[in-house]
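Contents: one structure, followed by commentary.
In each ligand, atom 1 is the first atom listed, and ligand 1 is the first ligand listed. Nothing here was measured: the structure is a model prediction, and the numbers come from that model.
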Amino acid sequence: GSEWTYTGQHGPLHWGSMFQSCAGSRQSPINIETLNVKQEYWKPLRLKNYEKAPSKMRVKNNGHSAQVEIDAPVAPRVTGGGLKGEYIFAQFHFHWGADSTRGSEHTIDGVRYPMELHMVHYKGSYGTLGEAVKRRDGLAVLGVMLEVSSNDNPALAPLATALLNVTDADMFAEISAMYPLKAFLPRNIEKFYRYEGSLTTPTCNEVVTWTVFDEAISISERQLNNFRAMMDPHGGKIVDNFRPPQPLNNRKVFVSAE
Ligand code: BO1
Ligand code: ZN
């Protein structure tokens, strides 16, 4: 079928021949060269309802990643920071390595992090995620780097535990304790990198305004190992589920004022 993977004959080097958009010229992720960014003085990034704990959170093993969805009376959203319009939260998910020498999708001056979190939002005026992925400004994804700490990250603890109940593809589990989405972002959200890119997985739609925060959050090796225990539909471990950096081509990368 049209199944894609992170290794072998259906891996990232072959996505372009399987999915036309994956061969496009505004693909993600990229290596962010901090000496080659242009400073912009936008209004602050504004997060709404990021401080309220959702009423429910559940995690799904979608065969490629751990994806978290929430129930909230009012959906979290993001505006400002140079975004045109309001973007509504849809889900967050992760990319990680088999070991902590790799795992992130974006790299900063060539540095790879052991994990990267993506907070996916779609433009409210487009109504649904399905409609938004057809529009060049349809999605806003917030990217957060994770770095290894000797301590567990408390906000990731209930999720890391729930992962043990979704080891097989297509399994869901409730997360037992809710943290606000803000708990999954760095303290400093004022400094971020911005560029126009794509979904990092097939179908690689070129519809994403990327925001990658400069500051990382932490995770322990023990918590990372719970992600690395998840299995894909073929019974292999989900590890190294990151796409390598793509050509920048005719694009600029911006940095927010510090
Ligand atoms: S990411 O944040 O760039 N890694 C990313 C990648 C894929 C999606 C969202 C964010 N979404 C996927 C949906 C699929 C859908 C596909 C193409 O987009 O999960 O259901 O088929 O529209
Ligand atoms: Zn992602």
Heavy-atom gap F92 to ligand 1 smaller than 4.0 Å:
no
Nearest to atom 22 (O) of ligand 1, what protein heavy atom do you find, and at what distance?
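Its nearest protein heavy-atom neighbour is V133 CG2, 3.7 Å.
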Think R102 forms a cation-pi with W96, using NZ or CZ under 6.0 Å from the six-ring centre and within 45 degrees of its axis?
no
Considering L139, L199, T203, which one's heavy-atom position lies nearest to atom 8 (C) of ligand 1?
L199
The one among T200, N205, T201 that brings a heavy atom closest to atom 4 (N) of ligand 1:
T200
Distance only, no hydrogens: is a donor on one side chain within 3.5 Å (strictly under) of an acceptor on the other, for T34 and D109?
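Side chains of T34 and D109: pair found under 3.5 Å.
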Between E105 and T200, does any side-chain donor sit less than 3.5 Å from a side-chain acceptor?
yes
Nearest 0.5 Å, what's the CD1-CZ distance between I70 and F89?
5.0 Å
Would you call the rings of Y50 and H121 parallel, tilted or perpendicular, where under 30° means parallel and over 60° means perpendicular?
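Parallel: the ring planes of Y50 and H121 meet at under 30°.
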Between F92 and F94, how do the two ring planes meet: parallel, tilted or perpendicular, split at 30° and 60°?
perpendicular
Looking at [atom], is any protein heavy atom nearer than 4.0 Å to it?
atom                    : answer
atom 6 (C) of ligand 1  : yes
atom 2 (O) of ligand 1  : yes
atom 13 (C) of ligand 1 : no

Only heavy atoms of H95, strictly under 4.0 Å: list the atoms of ligand 1 that pass.
4 (N)
Scan R251, K252, R26, H106 and name whichever one has a side-chain hydrogen bond (donor to acceptor under 3.5 Å, both in side chains) with Y195.
H106
Indicate yes or no: does an N/O atom of H93 lie under 3.5 Å from an N/O atom of ligand 1?
yes
Specify which N/O/S atom of H118 comes nearest to the Zn ion (ligand 2), by atom name.
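The H118 atom nearest to the Zn ion (ligand 2), restricting to N, O or S, is ND1.
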